[in-house]
**Student:** 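Got a structure for you, written out below as structure tokens; questions coming shortly.
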Amino acid sequence: QVQLVESGGGLVQAGGSLRLSCAASGRTFSSYAMGWFRQAPGNEREFVAAISWSGGNKVYADSVKGRFTISRDNAKNTVYLQMNSLKPEDTAVYYCAAGEGIYTIYRNEGRYWGQGTQVTVSS
């Protein structure tokens, strides 16, 4: 059973940056595609970004393209989300997910999910 733990969320002013981290529990991390989702109160969970097991392929939501960068370090069993030029509409709880492939992540059908980390962007 893989466990995912997010960290790095917090309060930031519009235009600022944050880097989220998601640490996985085991060496099987490298076998999974990984991704990030976010959910604001009252809203459905929204896809943000995904990365293949090797890191060679990445997919971003249009709303974050050019501002967010997903990356992974398999030696550390960690996936990152670098968030730049943050906007108030980026405010949400951010979740990381692990799945069989990028398409699985994109469809919000990840096999494993973290507990979430809150990101709040003030204007």
**Student:** Check whether Arg72 reaches the backbone of Gly55 with its side chain - one donor and one acceptor, N or O, closer than 3.5 Å.
**Tutor:** no
**Student:** How long is the straight-line distance from CD of Gln118 back to CG of Leu11, given to the nearest 0.5 Å?
**Tutor:** 7.5 Å
**Student:** Would you find a donor on one side and an acceptor on the other, under 3.5 Å apart, between the side chain of Glu6 and the backbone of Gly116?
**Tutor:** yes
**Student:** About how many Å separate CD1 of Ile105 and SG of Cys96, when rounded to the nearest 0.5 Å?
**Tutor:** 9.5 Å
**Student:** Check whether the ring centres of Phe37 and Tyr95 lie less than 6.0 Å apart, and answer yes or no.
**Tutor:** no
**Student:** Quick one: does Glu89's side chain get under 4.5 Å of Ser63's, heavy atoms only?
**Tutor:** no
**Student:** Can you tell me how far apart CH2 (Trp113) and CZ (Arg45) are? Round to the nearest 0.5 Å.
**Tutor:** 4.5 Å
**Student:** So which atom in Ala33 and which in Gly101 form the shortest heavy-atom distance, rounded to 0.1 Å?
**Tutor:** CB-C, 3.4 Å
**Student:** Give every residue pair that meets the side chain to side chain donor-acceptor pair (under 3.5 Å) criterion with at least one member in residues 11-22, sequence neighbours excluded.
**Tutor:** Ser17-Asn84
**Student:** With the side chain counted from C-beta on, respond yes when Cys22 and Val79 share a heavy-atom pair under 4.5 Å apart, and no when they do not.
**Tutor:** yes
**Student:** Would you name the heavy atoms of Ala14 and Ser123 that are closest together and state the gap between them?
**Tutor:** CB-CA, 4.4 Å
**Student:** Just verifying a value: how many Å separate Met34 CE and Ile70 CD1, rounded to the nearest 0.5 Å?
**Tutor:** 8.0 Å
**Student:** So do Phe68 and Trp36 actually touch side chain to side chain, heavy atoms under 4.5 Å?
**Tutor:** no
**Student:** Count the heavy atoms belonging to other residues, nucleotides or ligands that lie under 6.0 Å from CD of Glu109, then report whether that count exceeds 12.
**Tutor:** yes
**Student:** Can you tell if the side chain of Asp90 reaches within under 4.5 Å of the side chain of Arg67, non-hydrogen atoms only?
**Tutor:** yes
**Student:** Identify whether Tyr112 and Tyr94 are in the same connected component of the hydrophobic contact network (ILVMFWY, side-chain heavy atoms under 4.5 Å).
**Tutor:** yes
**Student:** Establish whether Val12 and Tyr80 are linked, either directly or via other cluster members, by ILVMFWY side-chain heavy-atom contacts under 4.5 Å.
**Tutor:** no
**Student:** Please report the closest heavy-atom contact between Gly99 and Tyr32, naming both atoms and the distance.
**Tutor:** O-CD2, 3.3 Å
**Student:** Let me confirm one number: the CD1-CD1 distance from Ile102 to Ile51, rounded to the nearest 0.5 Å.
**Tutor:** 7.5 Å
**Student:** Any link between Leu81 and Val59 through a network of hydrophobic side chains (Ile, Leu, Val, Met, Phe, Trp, Tyr) touching at under 4.5 Å?
**Tutor:** no
**Student:** Taking Thr91's backbone N and O only, do any of them form a donor-acceptor pair with Thr120's side chain (distance below 3.5 Å, no angle check)?
**Tutor:** no
**Student:** Check whether any side-chain heavy atom of Val64 lies under 4.5 Å from a side-chain heavy atom of Phe47, and answer yes or no.
**Tutor:** no
**Student:** For the atom pair OG1 (Thr78) and CG (Leu20), what is the distance rounded to the nearest 0.5 Å?
**Tutor:** 12.5 Å
**Student:** Quick check: does any side chain N or O of Asn74 sit under 3.5 Å from a backbone N or O of Trp53, one acting as donor and the other as acceptor?
**Tutor:** yes
